[in-house]
Visitor: 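This is the structure I have questions about; it appears just below.
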Amino acid sequence: MNASLPEALAGLLDGLPPNRAAQAVDRLIANYRGDTPTDAPVLRDRADVAAYAAYRMPATFEAVRSALAALRAAAPEWVPATHTDVGGGTGAASWAVADAWPEGGHRTTVLDWAEPALALGRELAAGADSPALRAAQWRRTRIGKSLELDPADLITISYVLKELTEADREELVARAAAAGRAVLVVEPGTPDGYERIIAARDRLVAAGLRVAAPCPHSAACPIVPGTDWCHFAARVSRSSLHRRVKGGSLAYEDEKFSYVAATRFPATPAPSRVTRKPQIRKGQVLLDLCSADETLHRTTVTKRHGPDYRAARDTSWGDEWPPG
């Protein structure tokens, strides 16, 4: 029986004591929030990988899926034939790519240095709905400046750069830029995650790619360094493991992330991007926008704007403006 990602993850922690799963997640969170890059796999064994997959795969999947939706909006006719998931671990980004192009005609290769993660990724993908996931190749390799990347239509690098030294980050992004027709980089939606995205963005543009999303242009980011950071949010359903680790009873949480998607083929970026949650007030909507004229500004849409006002009330953080 083929499965969606939630179905594939269901029962993953069967047989693993709840406290053991929660402890593994606590350690992994502490590691990912640390400031020291690692030169060894973060996921050490099956228990680590199972806890990580159950806890983090849904959030990574939703963040990458949201970023891919923006890329698809910028290049709606483009369909990748080949995809490389760099540092893909258990394959969350590959599941998102399969969701974005469900026809399943692309070939995916997942690269990671943690064999336990690759093993579980293979296991989960074997029962997937997507033919591309079921046929994916899972290869163990060190992620860093020594990584050799074959040409691919789409290269995804999600939640990886923090684990690397600055020199390794620069080299990895440079190699992705040389090998990929489209490159998507996703990092946590934190000030330091945004800084890594901006550095990656600069390197991709310097290598000749054009930004397709989220930015409306490929010029320098108009945010003054240290004053703010660009990030977005994706809604994630919370599992029982989430609730045990974080407490509370909400059925969802928002995954904050920063990203850049850049291409070597024609793409049409959004005219403007909504960079904060819209403020809905009586008779008006306030939208904070990053626009193609390379500025950050706020626009007020009122009832007298008619259809635009109705559209603004339905607009979300991260959407393009005006709606396509």
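Just so we're clear, the structure is a prediction, and the values are computed from it rather than from any experiment. Note that the numbering runs from 1 along the sequence shown for the chain.
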Visitor: Side chain to side chain contact (heavy atoms under 4.5 Å, CB included) for Ser316 and Val274? Distances and angles first, verdict last.
Guide: CA-CA 7 Å; Ser316 299; Val274 180; over 6 Å; no
Visitor: Taking a hydrophobic cluster as the set of Ile, Leu, Val, Met, Phe, Trp and Tyr residues connected by side-chain heavy atoms closer than 4.5 Å, whether directly or through intermediates, do Ile198 and Val185 fall within one such cluster?
Guide: no
Visitor: Which pair of non-hydrogen atoms, one from Leu204 and one from Ala177, has the smallest distance, and what is that distance?
Guide: CD2-CB, 3.7 Å
Visitor: Transitively linked via ILVMFWY side-chain contacts under 4.5 Å: Trp138 with Met57?
Guide: no
Visitor: Using the rule given for salt bridge (Lys or Arg N to Asp or Glu O under 4.0 Å), can you reason through Asp314 versus Arg310, listing the C-alpha separation, both sets of side-chain angles and the distance that settles it, and then say yes or no?
Guide: CA-CA 7 Å; Asp314 292 333; Arg310 292 190 290 276; over 6 Å; no
Visitor: Using distance alone, with no hydrogens and no angle criterion, decide if Gln279 and Arg281 have a side-chain donor and acceptor under 3.5 Å apart.
Guide: yes
Visitor: Answer yes when Arg65 and Glu62 have at least one side-chain N-carboxylate O distance shorter than 4.0 Å, and no when they do not.
Guide: yes
Visitor: After noting the C-alpha distance and the side-chain angles of Val211 and Val260, does the key distance pass the side chain to side chain contact (heavy atoms under 4.5 Å, CB included) rule?
Guide: CA-CA 7 Å; Val211 176; Val260 61; 4.3 Å; yes
Visitor: Rounded to the nearest 0.5 Å, how far does CG of Leu9 lie from CZ of Phe61?
Guide: 10.0 Å
Visitor: Ion pair present between Lys162 and Glu195, side-chain N to carboxylate O less than 4.0 angstrom?
Guide: no
Visitor: Does a donor on one side chain sit under 3.5 Å from an acceptor on the other, for Ser291 and Asp293?
Guide: no
Visitor: Would you call Arg203 and Glu171 a salt bridge, taking side-chain N to carboxylate O under 4.0 Å as the test?
Guide: no
Visitor: Apply the side chain to side chain contact (heavy atoms under 4.5 Å, CB included) test between Leu184 and each candidate in Leu68, Thr263, Val97; give the one that qualifies.
Guide: Leu68
Visitor: Report the distance from atom CG of Leu161 to atom CG of Asp192, rounding to the nearest 0.5 Å.
Guide: 11.0 Å
Visitor: Using the rule given for side chain to side chain contact (heavy atoms under 4.5 Å, CB included), can you reason through Phe257 versus Ile197, listing the C-alpha separation, both sets of side-chain angles and the distance that settles it, and then say yes or no?
Guide: CA-CA 10 Å; Phe257 66 99; Ile197 288 296; over 6 Å; no
Visitor: Between Asp254 and Lys277, does any side-chain N to carboxylate O distance fall below 4.0 Å?
Guide: no
Visitor: Side-chain heavy atoms nearer than 4.5 Å, only ILVMFWY residues, links allowed to pass through others: does that put Val301 and Trp317 together?
Guide: no
Visitor: Is there a path of hydrophobic side-chain contacts, each under 4.5 Å between heavy atoms, that joins Trp78 and Val64?
Guide: yes
Visitor: Tell me whether Tyr159 shares a hydrophobic cluster with Trp229, the cluster being built from Ile, Leu, Val, Met, Phe, Trp, Tyr side chains joined at under 4.5 Å.
Guide: no
Visitor: Pair Arg273, Glu320 - check side chain to side chain contact (heavy atoms under 4.5 Å, CB included), show working.
Guide: CA-CA 5 Å; Arg273 182 78 58 186; Glu320 67 175 74; 4.2 Å; yes
Visitor: If the test is side chain to side chain donor-acceptor pair (under 3.5 Å), which one of Thr156, Asp153, Thr109 qualifies with His83?
Guide: Thr156
